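Before any comments, here is the structure.
Predicted model, so just to flag it, every value in this text is computed and none were measured. Note on naming: letters A, B, ... go to the chains in the order of the sequence lines (proteins, then strands), and numbering restarts at 1 for each one.
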Protein chains: 2
Amino acid sequence: MTVATLASEPSSRDRILDVAEGLFARRGYAGVGMKEVADGVGLGKSSVFHHFASKAELYSAVCARILSTIEDRLVRSLAEGGAPQVRLERLVGELMELLAAHPSYARLLLRSLFEDDDLAGDGPEEQAAQRAIGGIMESMATLLKEGMASGVFRASSVPHVLLLTVGQIAFPFASGEFGQEVLGKDVFDPAQVKRLKKEALELVQFGLVEQGRA
Amino acid sequence: MTVATLASEPSSRDRILDVAEGLFARRGYAGVGMKEVADGVGLGKSSVFHHFASKAELYSAVCARILSTIEDRLVRSLAEGGAPQVRLERLVGELMELLAAHPSYARLLLRSLFEDDDLAGDGPEEQAAQRAIGGIMESMATLLKEGMASGVFRASSVPHVLLLTVGQIAFPFASGEFGQEVLGKDVFDPAQVKRLKKEALELVQFGLVEQGRA
DNA sequence: GTCTATAGGGAGATAGAC
DNA sequence: GTCTATCTCCCTATAGAC
């Protein structure tokens, strides 16, 4: 870990992470070669190995960076306070905007969940990633619990609703060409993102908020 | 394509498809080797190549088989008729049961959507797969449109809701160890499946069905 | 930090005997 | 239909010069 420079040029390390993020998102861990990453950055393959000791380590670093970014955003969002209803709406909206602003995020994260050999190695990056996932899920679970306890949200099983909702929010931004075919337009087009946000918020809200059904 | 035998023993071709389905679901296209598939079936690698000319063809055949199964089930479900509300409830329930009964399905299908080199080759299996996807999505879209036209469903954008809902339904069954950690129990355990179905139905229903909000 | 060269293994696919 | 043997290529990773 080198010290951040004041100059604006991104370090080789960061440029490698950027390229690897895009490739891993599109083709998965096994589908990407280190040579491909190196070519994308404009370096030799050996130079990539100088910054990341192995392909697995590079992958972990990519995942950890994404998860930390998401966790930061969610924690900040929840810290702004407000009624559970308001916090939930803000959280879903910001999460979707974050995923929309970084097309690799949803795709890479969902892919990483599908790997059976989980990234539960013992490297520091893996630990950071696991911690971030834990933080993300626990913040959301806490919010749901509070809302249900106060009667604002419909009583239901927090973990099950959590799992369903995560899929609902993340899938559209991971669905690639499929999503494009369903919508008829690019999923990441601002107008489509806006519409997805609106529909998701209405689905979540009217599905969770108590409204006269005892 | 050989003729189906009356004997109950599955053909080598079917056994290859079974093994490949599980492996592709867990490790993705690039993460699986033909040797691995052959070992799983108990054959030599060359024997697998006798049944499927290439790895890509094997993958397409696996996808096509799954998609046809799902399409059949959905078409049959929708043909049973009933009010849009009833048909939607039945469709979501049956789809989730199908995904729950075949742990590879959701994982493999979501993975296949994430590949950027889509399976849009011109082989017959690819065409069958594409046709099945089209049929599945169109049936669901038609159902939503009918419900909205008759005022039973809240007016909204059919494609966007479709995309969000597909993610909600499929993700839990594709989420693997992540889902297990969130729920504290195996996602495919009958009790968990039942609960997921209940929560999903309530989310979809109260999010779509008009209930006193002009 | 970046490079060339290479080790060592495994991949997809083919040839041809049985 | 299944096998053994093999071809060719590309993979992760390392060695060591600059």
Can [X] and [Y] be counted as an ion pair, charged N to O under 4.0 angstrom?
{"X": "B/Arg111", "Y": "A/Glu115", "answer": "yes"}
{"X": "A/Asp18", "Y": "A/Arg65", "answer": "yes"}
{"X": "A/Arg76", "Y": "A/Asp72", "answer": "no"}

Using whole Å, what does the distance between atom [atom2] of nucleotide [N] and atom [atom1] of [X] come to?
{"X": "B/Leu58", "N": "C/dA11", "atom1": "CG", "atom2": "C1'", "result": "15 Å"}
{"X": "B/His50", "N": "C/dG16", "atom1": "NE2", "atom2": "C1'", "result": "14 Å"}
{"X": "B/His51", "N": "C/dA13", "atom1": "NE2", "atom2": "P", "result": "16 Å"}
{"X": "B/Arg13", "N": "D/dT2", "atom1": "CZ", "atom2": "P", "result": "13 Å"}
{"X": "B/Phe52", "N": "D/dG1", "atom1": "CZ", "atom2": "C1'", "result": "14 Å"}

For B/Phe171 together with A/Phe171, are the ring centres under 6.0 Å from each other?
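No - the distance between ring centres of A/Phe171 and B/Phe171 does not fall below the 6.0 Å cut-off.
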Restricting to nitrogen or oxygen on both sides, can you table the protein-nucleotides 10-14 of chain D pairs closer than 3.5 Å?
from	atom 1	to	atom 2	distance (Å)
D/dT12	OP1	A/Val32	O	3.2
D/dT12	OP1	A/Lys55	NZ	3.0
D/dT12	OP2	A/Met34	N	2.8
D/dT12	O4	A/Lys45	NZ	3.4
D/dA13	OP2	A/Lys55	N	2.8
D/dA13	N6	A/Lys45	NZ	3.1
D/dT14	O4	A/Ser46	OG	3.0

Decide yes or no for B/Ile136 and B/Met140: does some side-chain heavy atom of the first lie under 4.5 Å from some side-chain heavy atom of the second?
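Yes; the side chains approach each other to less than 4.5 Å.
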Smallest separation among heavy atoms of B/Phe173 and B/Leu99, with atom names:
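Answer, listing the atom of B/Phe173 first, then B/Leu99: CD1-CB, 3.9 Å.
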